[in-house]
Trainee: 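Below is the structure I would like to discuss, written out as structure tokens.
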Amino acid sequence: NEGLWFLNSSGSTIANSIIRHNDDQGIYFDDTSATITDSVIEDNYLGIRIRDVSTPTVTGSNIRNNQYAGVYFEYRNSSDLSSATFANNNFTENLYHMFSSTNYPSGQVVVNAQYNWWGAATARDIEADILHAGDSVTAARLFVDYSHYLDGPNGNPVDHYQPLFLGVVDGSITVPSGDYELLGGVLISAGAELNFDAGSTVHMSHEASRVAVHGILRTNGTVSQPVIFTSNKTSAADTDWDQIRVESSGQVHFSHTVVE
């Protein structure tokens with residue numbers, strides 16, 4: 001059986017319910033908006049399958065023990081997921097908590113998945129359970145913004161550093177001085193510019209963390225306040241993050257900058 005299937009529908013609500021034991025997806029949203037609250041979605045092949053311009057709001061729910069993915073994003077003809085929201089949920093024991101299919105436009109689609117428990121309390125471990133553009137910023141997948149991840153089920157946000165989620169930079173962005181954890185990766189588009197003010201430290205979140213520079217990456221460090229790109233581990237190793245990659249259309253302009 002294939003659970004609940006919503007096709008070009010809007011306004012449905014699922015609350016205090018259990019969706020389980022479906023051999024395909026528990027819930028299929030196809031060009032649909034709906035709300036799920038305080039429910040359990042478990043032991044399906046896919047917990048929630050989301051196709052095209054579907055904008056569910058999922059809060060306070062347990063998404064667990066789904067054989068392949070807790071939430072599966074599938075691109076067909078369109079990709080506007082800007083209103084889709086996942087917050088204050090518990091994701092546990094899924095092969096992937098969230099999985100993005102390919103054919104999305106170069107990681108330029110972002111899903112708001114802030115303030116969830118992912119079965120782990122470090123960005124490095126969370127990334128291992130989410131397949132998205134954060135694993136390769138040049139992949140044709142969407143980005144999952146999992147910032148302010150929680151320290152346990154129904155827990156508190158883990159913000160050792162100020163979370164920084166940039167995804168694809170299309171215009172001109174200046175990041176003020178601060179101590180940041182860069183979630184996922186960054187793609188600076190041709191013609192775009194990303195600036196870091198003096199005194200910024202950027203802790204790269206995992207092994208595949210990469211800044212892909214097709215435009216301009218500029219740092220404005222000083223002798224007393226350099227800009228630092230480094231690992232988010234206390235005991236850093238040279239395999240903790242990937243690279244800053246400058247493509248043929250890209251440039252970097254570094255002043256008093258440490259890359260380690």
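On a predicted model such as this, the values are computed, not experimentally measured, just so you know. All residue numbers in this chain count up from 1 along the given sequence.
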Trainee: Report yes if some heavy atom in the side chain of Gln67 is under 4.5 Å from a heavy atom in the side chain of Asp23; otherwise report no.
Mentor: no
Trainee: Give the cluster check for Tyr72 versus Ile63: same hydrophobic cluster or not, with ILVMFWY residues linked at side-chain heavy-atom distances below 4.5 Å.
Mentor: no
Trainee: Atom NE2 in His253, atom CG in Asn195: separation rounded to 0.5 Å?
Mentor: 10.0 Å
Trainee: With a 4.5 Å cut-off on side-chain heavy atoms, are Phe196 and Leu217 touching?
Mentor: yes
Trainee: Cut-off 3.5 Å, side chains only: do Ser200 and Asp197 have a donor facing an acceptor?
Mentor: no
Trainee: Report the distance from atom OG1 of Thr102 to atom CD of Glu74, rounding to the nearest 0.5 Å.
Mentor: 10.0 Å
Trainee: What are the two closest non-hydrogen atoms of Ser12 and Ser9, and how far apart are they?
Mentor: OG-OG, 3.9 Å
Trainee: Can you tell if the side chain of Ile27 reaches within under 4.5 Å of the side chain of Ile36, non-hydrogen atoms only?
Mentor: yes
Trainee: Will you find, in the side chains of Thr59 and Asn88, an N or O donor that is under 3.5 Å from an N or O acceptor?
Mentor: no
Trainee: Do Asn232 and Asp240 come close enough that some side-chain heavy atom pair is under 4.5 Å?
Mentor: no
Trainee: Measuring only between side-chain heavy atoms, which start at C-beta, is Leu194 closer than 4.5 Å to Val175?
Mentor: yes
Trainee: Do any N or O atoms from the side chain of Ser249 and from the backbone of Ala190 form a donor-acceptor pair under 3.5 angstrom?
Mentor: no
Trainee: Report the C-alpha distance between Leu182 and Trp241 in whole Å, list the side-chain angles of each, state the deciding distance to 0.1 Å, and finish with yes or no for side-chain contact (heavy atoms from CB on, under 4.5 Å).
Mentor: CA-CA 11 Å; Leu182 181 66; Trp241 61 282; over 6 Å; no
Trainee: If you draw the axis of the six-membered ring of Phe99, does the NZ or CZ of Arg141 fall within 45° of it and under 6.0 Å from the ring centre?
Mentor: yes
Trainee: Same cluster or not: Ile228 versus Ile244, using hydrophobic residues (I, L, V, M, F, W, Y) connected whenever any side-chain heavy atoms lie under 4.5 Å apart?
Mentor: no
Trainee: Show the numbers, then the answer: is there a side-chain contact (heavy atoms from CB on, under 4.5 Å) between Val169 and Val186?
Mentor: CA-CA 7 Å; Val169 176; Val186 181; 4.0 Å; yes
Trainee: With rounding to the nearest 0.5 angstrom, report the OH to CG distance, Tyr68 to Asn44.
Mentor: 15.5 Å
Trainee: For Thr92 and Asn90, test the side chains for any donor-to-acceptor distance below 3.5 angstrom and give the result as yes or no.
Mentor: no
Trainee: Is there a path of hydrophobic side-chain contacts, each under 4.5 Å between heavy atoms of I/L/V/M/F/W/Y residues, joining Phe143 to Tyr75?
Mentor: yes
Trainee: Hydrophobic cluster membership, with links at side-chain heavy-atom distances under 4.5 Å among I/L/V/M/F/W/Y: are Val71 and Leu150 in one?
Mentor: no
Trainee: Going from CZ on Arg49 to CG on Leu4, what distance comes out if it is rounded to the nearest 0.5 angstrom?
Mentor: 14.0 Å
Trainee: For the side chain of Ser255 and the backbone of Thr219, is there at least one donor-acceptor N/O pair under 3.5 Å apart?
Mentor: no
Trainee: Do we see a donor-acceptor contact under 3.5 Å between the side chains of Glu193 and Ser172?
Mentor: no
Trainee: Transitive ILVMFWY cluster of Trp5 at side-chain heavy atoms under 4.5 Å: who else is in it?
Mentor: Leu7, Tyr28
Trainee: Rounded to the nearest 0.5 Å, what separates atom OH in Tyr146 from atom CD in Glu127?
Mentor: 3.5 Å
Trainee: How close do His132 and Ser100 get, heavy atom to heavy atom, and via which atoms?
Mentor: CA-CB, 4.3 Å
Trainee: If hydrophobic clusters are built from ILVMFWY residues whose side chains come within less than 4.5 Å, do Ile50 and Val110 share one?
Mentor: yes
Trainee: Would you call Arg20 and Glu42 a salt bridge, taking side-chain N to carboxylate O under 4.0 Å as the test?
Mentor: yes
Trainee: Check whether Asp31 reaches the backbone of Val53 with its side chain - one donor and one acceptor, N or O, closer than 3.5 Å.
Mentor: yes
Trainee: Examine distances only and state if a side-chain atom of His214 and a backbone atom of Gly250 form a donor-acceptor pair shorter than 3.5 Å.
Mentor: no
Trainee: Using modelled atom types and a 3.5 Å cut-off, is there a donor and acceptor pairing between side-chain atoms of Asp242 and backbone atoms of Arg210?
Mentor: no
Trainee: Check whether any side-chain N or O of Ser101 sits under 3.5 Å from a backbone N or O of Phe73 as a donor-acceptor pair, and report yes or no.
Mentor: yes
Trainee: Taking the side chain as every heavy atom from C-beta outward, state whether Phe86 and Met98 have any atom pair closer than 4.5 Å.
Mentor: yes
Trainee: Would you call Phe6 and Ile14 a side-chain contact if the rule is heavy atoms closer than 4.5 Å?
Mentor: yes
Trainee: Within a reach of under 6.0 Å around CD of Glu93, are more than 12 heavy atoms found that belong to other residues, nucleotides or ligands?
Mentor: no
Trainee: Looking at Trp118, Tyr161, Trp117, Tyr115, which hits ring-ring contact (aromatic ring centres under 6.0 Å, His included) with His148?
Mentor: Tyr115
Trainee: Check the pair Asn94 / Asp129 against side-chain contact (heavy atoms from CB on, under 4.5 Å), numbers first and verdict last.
Mentor: CA-CA 8 Å; Asn94 307 289; Asp129 294 324; over 6 Å; no
Trainee: Assess the residue pair Arg218 and Thr174 against the criterion (side-chain contact (heavy atoms from CB on, under 4.5 Å)); give the C-alpha distance rounded to whole Å, side-chain angles, the decisive distance to 0.1 Å, and a yes or no.
Mentor: CA-CA 9 Å; Arg218 187 185 306 275; Thr174 297; over 6 Å; no
Trainee: Would you check if Val227 and Asn220 make a side-chain contact, meaning some heavy-atom pair closer than 4.5 Å?
Mentor: no
Trainee: May I ask you to decide if Asn116's main-chain N or O and Asn89's side chain share a donor-acceptor pair within less than 3.5 Å?
Mentor: no
Trainee: Tell me yes or no: between the side chains of Asn22 and Asn1, is some donor less than 3.5 Å from an acceptor?
Mentor: yes
Trainee: Answer yes or no: is there a donor N or O on one side and an acceptor on the other, between the side chain of Asp151 and the main chain of Asn156, under 3.5 Å?
Mentor: yes
Trainee: From Ser147 OG over to Leu183 CG, what is the distance, rounded to the nearest 0.5 angstrom?
Mentor: 6.0 Å
Trainee: With a 3.5 Å distance limit and no angle check, can you tell me whether Asn66 reaches the backbone of Ile41 through a side-chain donor-acceptor pair?
Mentor: yes
Trainee: Could you check whether any side-chain N or O of Ser39 sits under 3.5 Å from a backbone N or O of Asn16, counting only pairs where one atom can act as donor and the other as acceptor?
Mentor: yes
